[in-house]
Amino acid sequence: MSDNKNGPREIVILSGKGGTGKTTITASLATMMDKIVMADCDVDASNLYMLLSPKVMREQDFFMGVRPEISRQECTQCLVCVDVCAFGAINGESLEIDPVECEGCGVCAWFCPQNAIELVENRCGKWFSSETRFGPLVYAELFPGEENSGKLVFAIKEEARRLAEERAASHILVDGPPGIACPVISSISGADHALLVAEPTLSGLSDLERVLDVCHHFHIKASCIINRADLFPEVTREIRRLLDEKNCTFLGELPFEKGVMDANQRLVPFVEAYPKATLTRRLEKIAARLAVL
Amino acid sequence: MRIAIASGKGGTGKTSISVLLAKYLSFESGQEVDFLDCDCEAPNGHIFFQVHLTPLKTVNIFTPKVDTSKCTFCGKCSEICRFNAITVLGNKVAMTFPELCHGCYGCFRVCESGAIKEDPRRIGKVYAGRHEDGATRIHLVQGVLRIGEAMSPPLIKAVLEEGEASSNLVAVTDCPPGTSCPVVTSIKGADLVVIVAESSPFGLHDAAILTKVVRRLGLTFAIVANKVLDENTLIHEWCAKEGYRYLGGIPFSPDFSMEYARGGDIFKAAKRMPEIEEVLCRITKMVQER
Ligand code: SF4
Ligand code: SF4
Ligand code: SF4
Ligand code: SF4
């Protein structure tokens, strides 16, 4: 989407669902590409840093939205707040606020006749700016159960873009979140390209189709690699058909390699653990193609 | 009785275990079991039950539409909106950004001129169907998020409501992956949460975060290690150290993965793996204990 021809190209790696090998592939590509900045936008399950042993340079609290707090002294128990809350988050008897249901819309505070409700800023996670052997990595930690609205994704990408500019990087590699909702939409917004990692299973096929539709919906160009393609050639062929039909560039097939699990157990990027494997050679080709995309 | 199957990240085998458990529980009890697919961004449970799904309902949320003939451009609506979903420019234009709207009705309530009308935004659809195979009967309810839609929780709630309305005694929920809001919505109120952890450092990292979420909600939970390679005991050791209930480890099986890949008979494949039956049996015991 960006017209910035000279600036860094932003590539978001997506999979529609987790477990397709997205992070393994991102880490391996990172080791083989020059002048990159990495951003881990899979904030629910940020695993990329585990493979890259980063040194944290900067740590920042992340605030999002507000949390209402009722002052018991001022409250006259008129129950106006209970009535106006569209999410049923305030208990009609105890006036306790259920943090799971509360959307932080602040409507209760607005209408409280006693001004007894204060809206407190909600600290919902942290993000880190770090250095790895392959370039800077920005990643985050969302506090358990917090809303992943995509705003944290924005914050991570903003920092990655800043670093990319500072270092005159040629690419930003973004490890994207699973699914198709808010965090995914934020992670592809402003990106130049989506690299989809598909898995040859019927579930994988249906997930891929949905994530392709999302890219299409937001006018993001996409290309696709099929991971563990040899495990189920029949579905791999169906995926190729789908890619043709949807005009999505096919970047290649990757073979199943048991060493991937071993490398992940040892927390080493696969291509470093197995420099001579077929998978490594295939990944090299893909890295080369991405570099000129 | 609702059992939620969740995992801190995708690809741990959460859906397989949900599907197998639903079928196992139905077989053991001789009764129909609800299968609630709350993984609305990537709903896949239906692939494994030959089931004809029919649309049940469309889920909408409130978004505002401004009737400019009544609007006085007072700006109150944009003042109350915390999501920048409605803006008033000068004294001519009131703009809405429906994709940012959370449906809180704030603008609607605050507008004194009655200028705000409801313009529902479709966030997805709920489908349902029945599967019958010999002694097992499954009532499947599935939510499918609209492409381009950002918020899944209202749809997840609609799926769970269908489960509540059903007369079946037992429900299995296939939750979305992750550790944030959609998972919280899916596991809230569950009688038991089964956390499926991939037996790897990543799997452990993500399962540990999810466990925090579940504990904070005060829910009963137990952990299954899946895709265990070479008798790796990472997850088991972690559970022992933390004092968490461990339900067993299921080995990585190419045979099972193959059936899963082609949407084939994972029930048959599971029969060849005694570890799966053991895990399902332990979950059933926990259900009966409660
Ligand atoms: S609206 Fe204000 S005064 Fe009334 S019950 Fe709520 S907090 Fe108390
Ligand atoms: S902030 Fe909004 S959702 Fe939360 S309790 Fe108040 S009215 Fe309800
Ligand atoms: S609150 Fe009502 S009258 Fe005021 S600007 Fe908004 S829509 Fe117009
Ligand atoms: S319903 Fe709430 S979120 Fe939506 S536009 Fe109105 S005030 Fe904003």
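Per chain, numbering begins at 1; letters A, B, ... match sequence-line order. The structure presented is a predicted model; accordingly, all values stated were derived computationally and were not measured.
Against chain A, the residues from residues 150-160 of chain B that qualify, each with a non-hydrogen atom under 4.5 angstrom away, are B/A150, B/K157 in number order. Of all residues spanning residues 80-90 of chain A, those with a heavy atom less than 4.5 Å away from chain B's heavy atoms are A/D83, A/V84, A/A86, A/F87, arranged by number.
Heavy atoms closer than 4.5 Å to chain A are found nowhere in B/C81, neither backbone nor side chain. For chain A, the nearby parts of B/K76 are the backbone and the side chain; heavy atoms of each come within less than 4.5 Å. In this structure, the portions of B/L145 lying under 4.5 Å from any heavy atom of chain A include both its backbone and its side chain. Proximity to chain A is absent for every atom of B/F62, based on heavy atoms less than 4.5 angstrom apart. Looking at B/E198, there are no atoms closer than 4.5 Å to chain A (heavy atoms on both sides), in backbone or side chain. Using a 4.5 Å cut-off between heavy atoms, A/L119 contacts chain B through its side chain alone, with no backbone atom that close. Heavy atoms closer than 4.5 Å to chain B are found in both the backbone and the side chain of A/S203.
Atoms OG1 and CD, on B/T179 and A/E141 in that order, are 10.0 Å from each other to the nearest 0.5 Å. Here B/Y260 contributes atom OH and A/E199 contributes atom CD; the two are 6.5 Å apart, rounded to the nearest 0.5 Å.
Ion pair A/E101/B/K188 flagged as a salt bridge, since at least one NZ, NE, NH1 or NH2 atom sits closer than 4.0 Å to an Asp/Glu carboxylate oxygen.
Residues B/S180 and A/D44 bring a donor and an acceptor atom of their side chains to less than 3.5 Å of each other.
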>> Please determine whether side-chain contact (heavy atoms from CB on, under 4.5 Å) holds for the pair A/K258 and B/L229, giving the CA-CA distance in whole Å, both sets of side-chain angles, and the decisive distance to 0.1 Å.
In response: CA-CA 10 Å; A/K258 218 179 156 185; B/L229 207 64; 4.1 Å; yes
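Of all the heavy atoms in A/L231 and B/M258, the pair that sits closest is O-SD, 3.2 Å. Considering every non-hydrogen atom in both A/V214 and B/G148, the closest pair reads CG2-N, 4.4 Å.
A/Y49 and B/H205 have perpendicular rings, their planes meeting at more than 60° on a 0 to 90° scale where under 30° would count as parallel.
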